[in-house]
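Since the structure comes first, as structure tokens, the remarks are kept for the end.
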Amino acid sequence: MKPTHIEHIGIAVSSIEEARKYYEKVLGLECYAIEEVPEQKVKTAFFKVGNTKIELLESTDPEGPVGKFLDKKGPGIHHIAFAFEEVAPALTEAADHGAVLLDSKPRNGAEGLLIGFLHPKSTGGVLTEFCGGK
Ligand code: CMX
């Protein structure tokens, strides 16, 4: 099962208010949504670039996934998200090929999409998200 496109690239930032200046002033992109996701312990800001989005991720808790990432690696690319027509079979197929699932079945993510993460140790060091429908 092939992804249809890169849905978004997640970028860990220390502060959305600071980081958004680059995307808005240098790249000329428009922030179309800012949303807190308490269960992920992040605040997010979204920008569209064609069919793909940039998701800025600011931590709301040092013990959350982005808080720990920032502490260890500093700001930078946190994850890449691939879009699939159907997420559940894509996750099953990835697991059959040796990927380690952080979500054994899809859960609800932003913008009404289903999402599931793959452990970076099983994807060449890149935290990977599958997202899409069904
Ligand atoms: N990219 C690449 N490697 C990463 C990583 C990332 N984003 N986050 C952690 N790692 C590495 C760690 O550096 C560590 O490497 P070493 O063993 O070489 O030191 C390894 O993965 C395992 O780290 P860990 O300490 O066992 O695990 P963590 O507690 O840091 O958790 C992870 C890592 C990926 C399991 C966790 O962050 C996770 O479950 N992520 C999925 C959910 C998520 O990231 N949510 C935030 C975004 C939500 C959104 O987009 O809305």
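Just so you know, these numbers use all the heavy atoms, side chains as well, and skip hydrogens, waters and symmetry mates. When a ligand or atom number is given, it counts from 1 through the structure's own listing order.
Within a 6.0 Å sphere centred on CD of Glu39, heavy atoms belonging to other residues, nucleotides or ligands number more than 12. Within 6.0 Å of atom CD in Glu85, 12 or fewer heavy atoms from other residues, nucleotides or ligands are found, so the atom counts as exposed in its surroundings.
With rounding to the nearest 0.5 Å, the separation of OG in Ser104 from CG in Leu91 is 9.0 Å.
For ligand 1 and Glu55, the ligand atoms under 4.0 Å from any heavy atom of the residue are 49 (C), 50 (O), 51 (O). Near His79, meaning under 4.0 Å from any of its heavy atoms, are these atoms of ligand 1: 50 (O).
Scanning the protein for heavy atoms near atom 28 (P) of ligand 1, the closest one is Lys68 NZ, 3.9 Å. The protein heavy atom nearest to atom 5 (C) of ligand 1 is Phe69 CD1, 3.9 Å. His78 O, 2.9 Å is the protein heavy atom nearest to atom 7 (N) of ligand 1. Scanning all protein heavy atoms for the shortest distance to atom 13 (O) of ligand 1 gives Lys72 NZ, 3.1 Å. Of all protein heavy atoms, the one closest to atom 37 (O) of ligand 1 is Pro65 CB, 3.4 Å. Nearest protein neighbour of atom 21 (O) of ligand 1, counting heavy atoms only, is Pro120 CG, 3.9 Å. For atom 41 (C) of ligand 1, the nearest non-hydrogen atom of the protein is Phe117 CG, 3.7 Å.
At least one protein heavy atom sits closer than 4.0 Å to atom 48 (C) of ligand 1. Checking atom 44 (O) of ligand 1 against the protein gives a heavy-atom contact under 4.0 Å. Atom 25 (O) of ligand 1 is never approached by the protein to below 4.0 angstrom, counting heavy atoms only. Within 4.0 Å of atom 9 (C) of ligand 1, not a single protein heavy atom is present. For atom 31 (O) of ligand 1, no protein heavy-atom neighbour is found at a distance under 4.0 Å.
Ion pairing of Glu17 with Arg20 is present here, as a side-chain N (NZ or NE/NH1/NH2) and a carboxylate O approach within less than 4.0 Å.
Thr44 has its side chain out of reach of Ile34: every pair of non-hydrogen atoms, C-beta onward, lies at least 4.5 Å apart.
Using the six-membered ring where Trp is involved, His79 and Phe117 have ring planes that are perpendicular, over 60° apart on the 30 and 60° scheme. In this pair, Phe130 and Phe84 present their aromatic rings tilted. The plane angle is within the 30 to 60° band.
Using modelled atom types, one finds a donor on one side chain and an acceptor on the other under 3.5 Å when comparing His8 with Glu129.
Annotation: cation-pi geometry not satisfied between Lys53 and Phe47 (NZ/CZ under 6.0 angstrom from ring centroid, within 45° of ring axis).
Of the candidates His8, Lys121, His119, Gln40, the one placing a heavy atom closest to atom 15 (O) of ligand 1 is Lys121. The residue from Leu102, Val100, Val126, Asp103 that puts a heavy atom closest to atom 38 (C) of ligand 1 is Leu102.
The shortest heavy-atom distance from Lys41 to ligand 1 is not under 4.0 Å. Using a 4.0 Å cutoff on heavy atoms, Gly125 counts as a contact of ligand 1.
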Verdict with reasoning, Leu102 to Leu118, per side chain to side chain contact (heavy atoms under 4.5 Å, CB included): CA-CA 5 Å; Leu102 291 164; Leu118 279 52; over 6 Å; no
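Ile77 and Ile9 get closest at one heavy-atom pair: CG2-CG2, 4.2 Å.
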